[in-house]
Amino acid sequence: MDRGSKSQGLAEVFRRVPILCAVAIVIGSIASLGALLFVEAVGWMNDALLISPRSRVQWDGNTVFLAAATVLVPTIGGAVVGLLVRQSGGRPLGPPDVIAAVQLANPLPAPRHGFGSTLAAVISLGSGASVGQYGPMVYLGALIGGLIRRFRLAIPDLPEIGIACGVAAAIATAFNAPIAGMVFAHEVVLRHYSTRAFAPVTIAATTGFVTASLIFEREPLFLVAFEGVRYWHEFLLFALLGVVGAVTAICFMHLILRMARLAAASSLPGWLRPAVAGLGVGLTGLWLPDILGIGNETLRFATIPGAFGTSELAMIIAAKITLSALCIGFGFAGGVFSPALLIGILLGAFFWAIWAPFMPQSGVAPYALAGMMALASPIIGAPLTCILILFELTHNYDITIAAMVSVVISNMIGHRAFGRSLFDRQLAGRNIILQQGRDRARMEAQTVIGLLRNDFPTCRMTDGATQIWAMLQGRNTAFVLDQAGRLAGTVSLADLRDAVDTASVAEVMRPASLVFDKATSIFAAMARLGDFVGDAVAVIDESGRYLGAVPEAALIRAYLDLSGRLREEENAAL
């Protein structure tokens with residue numbers, strides 16, 4: 001690189017650094033405030049609608065009113081959510097939409113749909129649905145960060161970086177965990193660690209943490225006093241807990257997908273399905289009020305020895321798994337991370353209660369917390385984030401080491417038996433396959449229509465061979481069309497070379513060896529090119545009508561451009 005190029009490169013770096021820092025701070029601040037407002041709105045609704053344990057205690061003397069509220073609030077809330085979701089795009093938006101937008105370099109759905117989905121999530125959580133708050137907070141952060149797309153700041157990949165900044169700030173705010181927020185944005189959303197993205201995402205996560213913890217002085221999710229793991233054999237139990245967590249997570253994820261299929265196959269109107277799920281929540285809440293809402297109080301009590309009996313833990317776990325799958329599958333707006341944390345911490349406490357009578361142990365807290373992350377990790381596909389969240393929540397090195405064993409075992413089993421995460425499986429249902437790599441996902445998302453050309457020779461079946469021979473100067477193949485413009489076959493110079501003057505194209509043409517349609521993706525086209533010999537491949541519509549042709553060289557160029565673009569994103573510097 002000459003001196004002039006170096007000077008220009010340094011000047012560009014000095015231009016980008018302040019812009020990216022400013023963008024990160026602004027997005028981090030707004031996303032953090034949005035997340036705090038979201039949490040406060042849900043808390044206010046929980047108190048006003050008798051979902052929170054504190055508000056329910058005040059109505060203990062009026063059992064009829066309390067029972068009616070327990071059943072009616074989630075049911076009516078579900079109907080409102082159903083109507084709102086129908087008006088705002090037809091389905092709740094969440095982390096899978098964020099991942100798809102970033103991985104395919106597409107914009108998020110319209111902000112109107114995003115804010116409508118966020119409002120639906122507030123109503124869902126506020127009315128006691130068994131869904132989580134972190135998924136909607138992630139989407140809200142992404143929505144705020146994605147608005148940077150509207151500004152032309154001449155920085156490559158800025159829309160994707162903006163989304164990652166919003167996500168990192170939201171997670172940092174939710175858990176008081178800036179490192180986990182930064183890692184989550186890279187591990188789950190960006191799926192790479194380029195220098196260009198790393199710096200602003202870290203700044204945004206730190207901004208979210210400062211806003212939540214130092215300015216608004218929000219308390220951490222829970223505090224745990226733990227002196228360390230006292231017995232070596234307990235690490236074997238943590239590994240076994242990882243296996244149990246993985247199996248439970250896999251069952252939970254399959255149940256969510258099954259409930260979604262059941263809802264889609266039912267004759268219930270879409271807007272009424274959340275109400276049915278809400279009725280199930282309300283009726284179960286009469287018997288087990290701990291399953292109502294997010295369950296932060298239950299989450300905290302689970303780390304206290306004796307707070308729940310063994311049979312009570314088993315019932316709450318079973319009810320929470322079933323109702324969370326029902327609510328998410330039947331259309332309540334909310335995430336899966338909070339239910340996974342709650343089910344996991346109860347599962348860990350249950351695991352401890354089973355083993356405690358038989359061997360010395362260090363208490364319920366490490367098992368509850370290890371179970372929490374062992375169950376959540378395979379669901380969100382972010383083992384490193386889970387380990388860091390726990391470390392930043394507890395500030396306890398020993399308990400993090402214990403949980404790390406469970407998380408690693410759980411994540412290995414979950415990835416092998418189910419896939420990288422529930423998000424990836426939900427995206428696969430929309431034909432966005434991320435498990436085979438980012439390059440394949442982008443090639444699957446682009447069709448050959450963008451490479452279509454109309455300058456390849458075509459002819460009719462009644463045309464003379466000599467006439468076509470003269471036309472094919474500089475080309476090897478012509479596409480033969482019938483009277484309706486449908487592709488009938490191809491004719492090449494080799495086919496025409498031995499034809500007599502009186503022969504027609506119909507006598508010498510061959511069936512097309514390879515044809516694409518409008519929906520053929522670049523990946524599918526590349527896979528089918530293996531045995532193809534020729535200049536270009538014809539593209540037809542549903543009725544077989546010839547639309548044009550895609551040159552083989554254009555497909556290869558598109559593949560190389562896309563692969564190069566991804567490598568540039570993953571290794572980009574400022």
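Side chains are part of it too, since the values below use all heavy atoms of this structure and drop only hydrogens, waters and symmetry mates. Note that the coordinates shown come from a computational prediction; the quantities given were computed from them, not determined experimentally.
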Plane angle bin for Tyr193 and His186 - parallel if under 30°, tilted between 30 and 60°, otherwise perpendicular: parallel

Interatomic distance, Ser377 atom OG to His415 atom NE2 [nearest 0.5 angstrom]: 11.0 Å

Residues, nucleotides or ligands: over 12 heavy atoms within 6.0 Å of Arg567 CZ: yes

Donor-acceptor under 3.5 Å (Glu570 side chain, Ser194 main chain): no

Step-by-step side-chain contact (heavy atoms from CB on, under 4.5 Å) determination, Val336 to Phe423: CA-CA 10 Å; Val336 71; Phe423 304 148; 4.2 Å; yes

Rounded distance (nearest 0.5 Å) linking atom CD1 of Ile354 with atom CG of Leu237: 12.5 Å

Test item: Glu569 and Arg438 side chains (from C-beta on) under 4.5 Å apart, heavy atoms: yes

Intermediate values then yes/no, side-chain contact (heavy atoms from CB on, under 4.5 Å), Met45 and Ile51: CA-CA 8 Å; Met45 285 189 66; Ile51 298 299; over 6 Å; no

Other residues, nucleotides, ligands: >12 heavy atoms within 6.0 Å of Arg416 CZ: no

Minimal non-hydrogen separation, Thr447 against Lys518, with atom names: CB-O, 3.6 Å

Gln436 vs Glu444, side-chain contact (heavy atoms from CB on, under 4.5 Å): CA-CA, chis, key distance, verdict: CA-CA 11 Å; Gln436 302 297 324; Glu444 291 276 15; over 6 Å; no

Ile432 side chain reached by Leu434 side chain, heavy atoms, under 4.5 Å: yes

Considering all heavy atoms, the nearest Gly334-Pro136 contact: CA-CG, 3.8 Å

Cationic N near anionic O, under 4.0 Å, Asp97 to Arg91: yes

Cationic N near anionic O, under 4.0 Å, Arg191 to Glu187: no

Plane angle bin for Trp355 and Phe351 - parallel if under 30°, tilted between 30 and 60°, otherwise perpendicular: tilted

Side-chain heavy-atom pair Met404, Ile401 within 4.5 angstrom cut-off: yes

Student check: side-chain heavy atoms of Phe516 and Leu555 closer than 4.5 Å: yes

Any donor-acceptor N or O pair under 3.5 Å, side chains Asp47, Ser52: yes

Student check: side-chain heavy atoms of Phe330 and Pro274 closer than 4.5 Å: no

Aromatic ring proximity Phe175/Phe337, centre distance under 6.0 Å: yes

Test item: Ser266 side-chain N/O and Ala263 main-chain N/O as donor-acceptor pair under 3.5 Å: yes

Donor-acceptor under 3.5 Å (Ser406 side chain, Phe238 main chain): yes

Flag, side chain of Arg273 to backbone of Ala79, donor-acceptor distance under 3.5 Å: no

Verdict with reasoning, Lys320 to Leu346, per side-chain contact (heavy atoms from CB on, under 4.5 Å): CA-CA 10 Å; Lys320 198 68 184 177; Leu346 295 171; 5.5 Å; no

Heavy-atom closest contact (Glu160 atom, Val102 atom, distance): CG-O, 3.9 Å

Check: Ala333 main-chain N/O paired with Ser124 side-chain donor or acceptor under 3.5 Å: yes

Neighbour count >12 (heavy atoms, 6.0 Å) for atom CZ, Arg54: no

Ile343 and Phe252, any side-chain heavy atoms less than 4.5 Å apart: yes

Check: Leu50 main-chain N/O paired with Arg56 side-chain donor or acceptor under 3.5 Å: yes

Donor-acceptor pair between Ser117 and Ser88 side chains, under 3.5 angstrom: no

Shortest non-hydrogen contact between Leu427 and Pro96, atoms and distance: CD2-O, 3.3 Å

Within 6.0 angstrom of Phe418 CZ, more than 12 heavy atoms from elsewhere: yes

For the student: nearest non-hydrogen atoms of Gly77 and Ser127, plus distance: CA-OG, 3.8 Å

Point-to-point distance, once rounded to the nearest 0.5 Å, from CG of Leu375 to CE of Met253: 8.0 Å

Donor-acceptor under 3.5 Å (Arg442 side chain, Gln103 main chain): yes

Ile389 side, atom CD1; Leu369 side, atom CG - distance, nearest 0.5 Å: 12.5 Å

Ser410 and its side-chain contact (heavy atoms from CB on, under 4.5 Å) partner, picked from Pro383, Cys386, Pro378: Pro378

Polar side-chain atom of Thr520 near backbone of Asp517 as donor-acceptor pair, under 3.5 Å: yes

Considering all heavy atoms, the nearest Leu147-Pro111 contact: CD2-CG, 4.1 Å

Any donor-acceptor pair under 3.5 Å from Asn411 side chain to Ile379 backbone: no

Close side-chain approach of Leu393 to Asn176, heavy-atom, < 4.5 Å: no

Within-4.5 Å side-chain heavy-atom neighbours: Met137 and Val39: yes

Point-to-point distance, once rounded to the nearest 0.5 Å, from OG1 of Thr70 to CG of Leu49: 11.0 Å

Tyr559 and Phe523 aromatic centres sub-6.0 Å: no

From Ile380 atom CD1 to Leu341 atom CG, the distance as rounded to the nearest 0.5 Å: 8.0 Å

